[in-house]
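Some notes on the structure that comes next.
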Amino acid sequence: MKFLKVFAAILISVLALSLIQSCSSDNSVSGTDDNGIQAYNVYDYNFSSFDMDEASLDDDMGLDDCQPMRPEFDGTRDKMPPHAKARIFLGRVFREMNLTEEQRAEIRTLMQAHILCEMQWFRKLQAARQEILKTLNAERRAIMEKVRSGELTRREAEPLIRQLNARAMEMLKNLPINEEAREGIILCREEFLAAVGKLLDEDQLVIWNRFLENIKR
């Protein structure tokens, strides 16, 4: 019995950890290390790029429930999802400025707000994408209903499914919300960077402004 209680406690801890790390969590701050803020990054996005599971005769088309999402920092410049065009590393400039503990704590709070700002746009974009998939998947099912009734053969249905996939890719690529979300997230980023500047002393601000000029180029 004691073993079962220990096992249950371990299982609950593992499940809780997986929930905390889930990309559906609006409160997770990705990219932190033992120093707290050294691995923070901000991103440039292109929402006309995405991963889509194409429809088939047997399955609906789909997008990952957590996409588009903020990439997790993996310690490298590689392996970013297709919608993340560029990663701006902040760790080096944070180290160079020799931030106080109070400044670091405030920057952690600002980064949390920045990520939540991004998440709001991600949710809007995902909702618009899912509406398109809902409509086109209904068409796919209607095609397959004709196959089941004998009105179409599976071979005749295949090009119709391919056409649906092509329409989905084109519609998702050209969604008006793509640019709206990108502009909104740029504003999230600019507000975050400006707020960091307000926390700095004169010497730190010189370093910070030089960094901002470099990333603008």
Side-chain angles (χ1 to χ4, degrees), residues 21-32 37-55 59-94 107 110-137 162-197 208 211-217:
Q21 292 176 338
S22 168
C23 58
S24 64
S25 171
D26 286 349
N27 297 314
S28 62
V29 177
S30 62
T32 60
I37 62 170
Q38 299 303 329
Y40 283 167
N41 309 292
V42 293
Y43 296 86
D44 190 14
Y45 294 99
N46 175 15
F47 294 123
S48 293
S49 296
F50 50 87
D51 284 326
M52 186 188 83
D53 296 326
E54 292 189 347
D59 296 301
D60 284 344
M61 64 188 71
L63 290 168
D64 190 318
D65 287 341
C66 294
Q67 188 188 354
M69 62 180 178
R70 194 172 198 276
E72 291 291 331
F73 179 72
D74 59 4
T76 74
R77 295 176 184 267
D78 303 321
K79 299 180 181 178
M80 288 195 297
H83 62 271
K85 289 169 52 180
R87 177 188 287 134
I88 301 170
F89 291 86
L90 302 176
R92 180 178 298 177
V93 68
F94 285 156
I107 288 174
L110 291 176
M111 177 56 75
Q112 183 84 3
H114 170 66
I115 292 174
L116 293 178
C117 185
E118 286 188 334
M119 288 292 183
Q120 291 176 359
W121 285 107
F122 291 164
R123 285 195 296 267
K124 290 179 182 179
L125 178 56
Q126 187 70 346
R129 287 176 166 181
Q130 291 298 345
E131 278 299 309
I132 288 175
L133 295 192
K134 181 180 177 180
T135 299
L136 295 183
N137 280 328
R162 287 196 295 271
Q163 291 172 17
L164 280 182
N165 286 324
R167 282 173 56 199
M169 296 292 288
E170 189 68 17
M171 292 172 73
L172 291 171
K173 181 179 178 181
N174 295 309
L175 267 176
I177 187 91
N178 289 345
E179 187 58 26
E180 183 183 348
R182 182 175 181 274
E183 290 177 359
I185 285 180
I186 288 173
L187 182 58
C188 293
R189 184 178 69 213
E190 290 176 347
E191 289 175 347
F192 167 73
L193 297 175
V196 170
W208 182 244
F211 168 78
L212 295 183
E213 284 301 314
N214 287 333
I215 65 175
K216 286 178 182 176
R217 300 194 196 106

Drop me the distance from [X]'s [atom1] to [Y]'s [atom2], to the nearest 0.5 angstrom.
X      : Y      : atom1 : atom2 : value
Leu212 : Ile88  : CG    : CD1   : 9.5 Å
Glu179 : Glu183 : CD    : CD    : 4.5 Å
Ile186 : Asp44  : CD1   : CG    : 6.0 Å
Leu90  : Ile215 : CG    : CD1   : 7.5 Å
Asn41  : Arg87  : CG    : CZ    : 5.5 Å
Asp51  : Leu63  : CG    : CG    : 8.5 Å

Closest heavy-atom contact between [X] and [Y]?
X      : Y      : result
Ile177 : Ala128 : CG2-CB, 3.9 Å
Pro82  : Ser49  : O-CB, 3.3 Å
Met52  : Ala168 : SD-CB, 3.9 Å
Trp208 : Leu193 : NE1-O, 3.3 Å
Val93  : Phe211 : CG2-CB, 3.8 Å

Do [X] and [Y] come within less than 4.5 Å of each other through their side chains, counting heavy atoms only?
X      : Y      : answer
Lys134 : Gln130 : no
Arg70  : His114 : yes
Leu133 : Asp60  : no
Val196 : Ile107 : yes
Leu125 : Phe50  : no

Using a 3.5 Å distance criterion without hydrogens, assess whether the side chain of Asn178 forms a donor-acceptor pair with backbone atoms of Leu172.
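The answer is yes, because a donor-acceptor pair under 3.5 Å joins these two groups.
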Donor-acceptor contact present, side-chain Trp121 to main-chain Glu180, <3.5 Å:
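Answer holds: no.
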Mind telling me whether Phe47 and His83 have parallel, tilted or perpendicular rings, with 30° and 60° as the class edges?
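The rings of His83 and Phe47 lie parallel, inter-plane angle below 30°.
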Over 60° means perpendicular and under 30° means parallel, so classify the ring planes of Phe122 and Tyr45, tilted if in between.
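Tyr45 vs Phe122 ring planes: perpendicular.
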Over 12 non-hydrogen atoms of neighbours within 6.0 angstrom of NZ in Lys173
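12 or below, so no.
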